[in-house]
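Structure first, commentary second.
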Amino acid sequence: MIYTFCKTLLRIIYTILFRLEAVGRENIPKDGGVLLCSNHISNFDPPTVGIKIRRQVRFMAKSELFDVPVLGPIIKAVGAFPVKRGGVSKESIKTSLNILRGGEVLGIFPAGSRHNDGGIGKKGAASFALRSGATVVPTAIIGNYTPFRKMKVIYGAPVNLDEFKEDTSGDALERATEKIMSKINEMVKTGMPSK
């Protein structure tokens, strides 16, 4: 399977080049829909989030990447799906919800792009979680991808969003998002999994 091959290859490269360490993998449920919500610091982040865990992680990717020779077919083969620049289409939202409702793992960056200028929007992660019933696992990437400097990816305890299930207002989504982001930020600061 292409995903397994690519994951194994990237795991070797990231372990050697970035000395990548994974902490808190036991916090990721072995089955059922899971939303890995991570901070976003580099284009290298998607593999960082996914290569050290057993389950396949799927990501949205900019639609233009699918047109790049060699890269396009590879990212499609590993389960990425396209999202158009400037906003997420209904089709991308539907695909994301189907992934989660189908018991798969979706990786997402709640703050949007690395420069906070797009992506799903801050409320998107909370909306996906509440609409799909997926488990939210806060994830923190620590380091700056300097070759041979240690990096760490941390998976925290699932975030309990039960208090927001009955209220789907924008305010509730905002508060749910703040709860997710606070767990991510806490792990970035402490270097330890959240509880």
Side-chain angles (χ1 to χ4, degrees), residues 2-30 34-62 65 68 70-71 74-75 78-81 83 85 96 104-122 124-126 128-129 134-159 177-195:
I2 293 178
Y3 182 84
T4 303
F5 172 77
C6 290
K7 183 169 87 167
T8 302
L9 181 62
L10 285 170
R11 184 184 288 183
I12 293 168
I13 293 170
Y14 274 54
T15 299
I16 294 171
L17 193 60
F18 304 125
R19 297 173 57 203
L20 182 64
E21 175 191 3
V23 179
R25 284 179 283 198
E26 68 279 2
N27 287 317
I28 301 171
K30 291 184 172 63
V34 175
L35 192 61
L36 295 178
C37 296
S38 177
N39 59 322
H40 197 11
I41 58 176
S42 165
N43 287 329
F44 293 122
D45 292 344
T48 301
V49 169
I51 59 176
K52 291 280 191 172
I53 62 176
R54 289 177 185 258
R55 300 182 65 184
Q56 178 174 356
V57 183
R58 299 188 63 187
F59 288 93
M60 293 181 186
K62 290 184 287 189
L65 293 177
V68 177
V70 183
L71 177 63
I74 289 174
I75 62 175
V78 299
F81 58 98
V83 59
R85 185 184 292 275
S96 299
E104 296 183 75
V105 182
L106 178 67
I108 207 164
F109 303 102
S113 74
R114 290 174 296 127
H115 307 292
N116 283 340
D117 61 356
I120 60 159
K122 289 196 172 185
F128 286 168
T135 300
V136 176
V137 176
T139 306
I141 299 169
I142 300 175
N144 58 11
Y145 296 100
T146 301
F148 310 113
R149 290 271 182 92
K150 189 173 183 178
M151 290 200 62
K152 189 187 285 189
V153 57
I154 305 170
Y155 305 97
V159 181
T177 302
E178 285 173 9
K179 188 171 184 178
I180 295 168
M181 293 303 297
S182 69
K183 294 292 185 181
I184 296 170
N185 293 334
E186 173 192 328
M187 294 192 300
V188 170
K189 288 177 185 172
T190 66
M192 298 291 290
S194 61
K195 296 183 179 179

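Contact of the Ile154 side chain with the Met192 side chain is not registered, since no non-hydrogen atoms from C-beta on lie closer than 4.5 Å. Side-chain contact between Leu20 and Val153 is present, with heavy atoms from C-beta onward closer than 4.5 Å. Taking 4.5 Å as the limit, every side-chain heavy atom of Leu35 sits out of range of all side-chain heavy atoms of Thr135. Using a 4.5 Å cut-off on side-chain heavy atoms (C-beta onward), Leu17 and Phe148 make contact. Counting only heavy atoms from C-beta outward, the side chains of Ile184 and Thr139 never approach each other to under 4.5 Å. Contact check for Lys150 versus Glu21: side-chain heavy atoms found under the 4.5 Å cut-off. By the 4.5 Å heavy-atom criterion applied to side chains, Ile142 and Met151 are not counted as neighbours. Side-chain contact between Pro110 and Cys37 is present, with heavy atoms from C-beta onward closer than 4.5 Å.
Not a single donor-acceptor pair under 3.5 Å links the side chain of Lys7 to the backbone N or O of Ile2. Listed for the Arg58 side chain is a donor-acceptor partner under 3.5 Å among the backbone atoms of Gly79.
Across all their heavy atoms, Gly50 and Tyr3 have their closest contact at O-OH, 4.3 Å. Nearest heavy-atom pair across Ser194 and Met187 is N-SD, 3.3 Å. Considering every non-hydrogen atom in both Leu10 and Pro47, the closest pair reads CD1-CB, 4.1 Å. Minimum heavy-atom separation, Gly156 to Val137: O-CG1, 3.4 Å. A pairwise comparison of heavy atoms in Ile141 and Asn39 identifies N-OD1, 2.7 Å as the closest pair. Taking all atoms of both residues into account, the shortest heavy-atom contact from Pro138 to Val159 is CD-CG2, 3.6 Å.
Ring planes of Phe18 and Phe44: tilted class, angle from 30 to 60°.
The structure places OG of Ser96 at 11.0 Å from CD of Glu104, a figure rounded to the nearest 0.5 Å. Once rounded to the nearest 0.5 Å, the distance linking CD1 of Ile108 with OG of Ser38 reads 11.0 Å. Between Arg11 atom CZ and Lys52 atom NZ the span is 6.5 Å, to the nearest 0.5 Å. Atoms CD1 and OH, from Ile28 and Tyr155 in turn, are 5.0 Å apart once rounded to the nearest 0.5 Å. Atom CZ of Phe81 and atom CG of Leu106 lie 5.5 Å apart (nearest 0.5 Å). For the atom pair Leu36 CG and Asn27 CG, the distance stands at 11.0 Å (nearest 0.5 Å).
Partner Phe59 forms a side chain to side chain contact (heavy atoms under 4.5 Å, CB included) with one of Val49, Val105, Ile75, Val83 and no other, that one being Val49.
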Starting from the C-alpha separation in whole Å, work towards a yes-or-no answer on side chain to side chain contact (heavy atoms under 4.5 Å, CB included) for Arg55 and Val34. CA-CA 10 Å; Arg55 300 182 65 184; Val34 175; 3.5 Å; yes
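Atom CD1 of Ile13 has more than 12 heavy atoms from other residues, nucleotides or ligands within 6.0 Å.
Inspection of the Tyr145 and Asn43 side chains reveals no N or O donor paired with an N or O acceptor under 3.5 Å.
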